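Only one structure is covered here, and it is reproduced in the block below.
The model shown is predicted, which means the values in this text are computed figures rather than measured ones. A, B, ... follow the sequence lines: proteins, then strands. Residue 1 opens every chain.
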Amino acid sequence: MNSPEQQSGSNSPRAESETQPRPARTPPNRRVDHRAAARQFLDSPVHAESHDTRVWALRQRRDRTAGAVPEWEELRETASQIKNHALTHLDQYLEQFADTAAASGIHVHWAADAAEHNRIVHEIFERHGVQKVIKSKSMLMEECGFRTYMDRAGYDMIETDLGERIQQLDEEDPSHVVVPAVHKMRSDVSRVFSKTLDADAANDDAHYLTETQRQATRPLILDADAGMTGANFAIAETGSFVVCTNEGNADLSANVPDLHVASIGIEKVIPRVADLGVFIRLLSRSALGSPITQYTSHFRAPKSGGEMHVVLVDNGRSERLGSDKFWSALKCIRCGACMNTCPVFRRSGGLSYGATYTGPLGLILDPSIDARRYSNLPFASTLNGSCTNVCPVKINIHEQIFEWRRILVQDQQVPWIKRSSLAAAGRVLSSPKTFRAAIRTTQSALYYLPDWAIYNRLNSWGKERDMPTIPGEGTFHDWYRNNRMHDRNTNKDTD
Amino acid sequence: MPDQPNPEGSQNARVGSRIGLFIPCFIDAFYPEVGIATLHLLERLGCPVDYPFDQTCCSQPMVNAGGHAESAATQQLFVDNFSDYEVIVAPSGSCVHQVRDNLTAIEQTPAVQHVRNNTYELVEYLHDVLKIDAFPWAHFPYRVGYHDSCNTLRNLGHGKPSELNGTDFSKPRALLEKVAGIKLVTPERPDECCGFGGTFSVTEPEVSSRMGRDKVADHQRAGADYIVSADSSCLMHQAGCASRSGIPMRFLHIAQILNGSVP
């Protein structure tokens, strides 16, 4: 799904002299350093300002279209309950979906993890002698590292979503689940296309760039041996699945070649067609503030003479379903509203998360993929709770971020220095006497006092902010002793 | 959360309840005038108020950073200081949220539950319990941008957050509107987080400061002379950002205005 605004693009800004900030890739076995990447992003002021403005505009449009639906909060509650029901009866609905789909002539496969998914699709392609593949946007395929896997196996994989295609040509991950290239300005896109599509480097007109990509990609689509899509919803009742896009690229991917393979996470299943309307009303309003995506395509059987495969992928989902605190993250419909509203995401850019899933959603999904590697992410949040309020399926995102912090500290996934200073703060704050001594000076107070001073030294606070000063007349505690305890003691004496 | 306390159902909160005043550690150290204004205001409204002398902190610094076991002794000290009071009142939304919703590192004895169920943030206490309809002693002839801290807005329910559909309301604005001379102004992003976020302010100082500068600049464009809030921690952060980037903005806790302790 891509923003119509991004396609027309005439308002999209340029940054002539500022190159796009690119965070360094985190080596294996290292923690992703969100702070360093965010700092780098903010050091590119044109990109940073534009990103905040554009992504905030999506949130504002969401507010306007959601505000025009009087039963909006009831819709959210209904969607949440449908997902709760579907997920707590997942085995039954998955089997119903698989049986019904098979009865319509769809080949259904089950993949326990990313490796199995990649192998299954690879085998299908080998059987059919496929070389050239077109695909539409799929977060699940990103999660499985599927394109990299197929690239290594010697296949030509072509992204057909405009934003994804830009990111593919630039050899960069998507930065947002809905608008994958939203961190780029049109001058950045112009640079990418002039290098890869032979576009005129001096022309960064959005219409020109879009048309250039279209002309370059259309022949690849017509020439493809197989098409891949994801799915936004899989309907148990009908054995059909639904893909929502704004570019129609999923329809091209699915319909032009004779072979269509859809990769679907097992959490995507909903019971009935009647449930679908609830989600369709919420999805694009939450994502982009438009009432519905341009295309809402239903797939229920292979075309005549063609073949259709569905790969149902677990990849950690069953395990999450068994988790008391985190199972409800499986309700996510990937609308990206939590990213659009997140003040940290808007100011740090999606690439700063160094992970498939970015923003608030990433903070609660990524640590279960690799707790140590992503252990900094749940701390890249102010816990402001706005993400929870915009979530169309009512996932308690900020409470899960809070819970991840507890688990990461408890399981010793955060650095020792941080854990030891938590213990030190706990000792100071649980002893009135030590505490009183600690807050005698600004320096010691800022070190020992709340949240902001737990393990960082003063320069963290003071780098871009001035420090408060200890008032000359002393603390409230001193004031109370001098002005009230005296009275109380005097009264006691005279009693 | 099934074990969520429900202060609105509390039997203790009424006019005349004996209040244990909780002055959070950073207000104690940096903003004693906020503590004094809170005490004076409650007293002039007829409340009997004590200040338990051995209090330190609500334990949020550790819990916010994931350290629950490390917070247990501080939580116990808090309960020991306050469990004898009918109600506990504090001029800080984030600390009240901590006590009410996250005081969970210790055994949930009746004393702990009593404290969690009867701790109020000052604005709630004035608006919901005492139902104050006038502050005749207060006069504040300035343009005020009110800062809804995320904890008061989204965790304590001070008002309707901009993300939700429904009827607009705001308890702190309802109180401020009773102050003579005041003019409330609204920034473009009325309830975007200011970037303090507790431990976030030092784990991500660049993003945090950027958010703080953006917040102050938004109020400045709206014409505010003062930014006023029920959370001094947000204000301390915003004041630090404003002064470093040369934005001439003044900051006050809502207690100072309602008490009439400022010009």
Could you check whether A/R484 pairs with B/E43 (Lys NZ or Arg NE/NH1/NH2 to Asp/Glu carboxylate O, under 4.0 Å)?
yes
request  = Might you work through the salt bridge (Lys or Arg N to Asp or Glu O under 4.0 Å) test for A/E464 and B/R244, ending with a clear yes or no?
outcome  = CA-CA 7 Å; A/E464 297 181 32; B/R244 180 64 62 90; over 6 Å; no
The interface call for B/D214 against chain A, heavy-atom contacts under 4.5 Å, is side chain
Whether A/R465 side chain and B/S201 backbone form a donor-acceptor pair below 3.5 Å | yes
Less than 4.5 Å apart, any side-chain heavy atom of A/T382 and any of B/F196?
no
With distance as the sole test, does A/R62 use its side chain to make a donor-acceptor pair with the main-chain N or O of B/E163 at under 3.5 Å? yes
Open item on the list: Quick check against the 3.5 Å criterion: does B/D28 have a side-chain atom that pairs as donor or acceptor with the backbone of A/H477?
Closed with: yes
Check your understanding: Any side-chain donor-acceptor pair under 3.5 Å between A/Q410 and B/H68?
Key -> no
Using atom types as modelled and distance alone, determine if a side-chain donor or acceptor of B/T56 lies under 3.5 Å from a backbone N or O of A/L429. yes
| request: Mark yes or no for whether B/R154, through its side chain, and A/N384, through its backbone, hold a donor-acceptor pair below 3.5 Å. | output: yes
**Report entry** Salt-bridge criterion met for A/R59 and B/E192 (N-O under 4.0 Å)
**Finding:** no
- Look at the aromatic rings of B/F53 and A/Y480 and report parallel, tilted or perpendicular, splitting at 30° and 60°. tilted
When you measure from the side chain of A/E73 to the backbone N and O of B/N165, does any donor-acceptor pair fall under 3.5 Å? yes
In terms of heavy-atom pairs under 4.5 Å with chain A, the winner among B/C194, B/G212, B/C150 is B/C150
Bottom line for B/L39: the part with an atom under 4.5 Å from chain A's heavy atoms is side chain
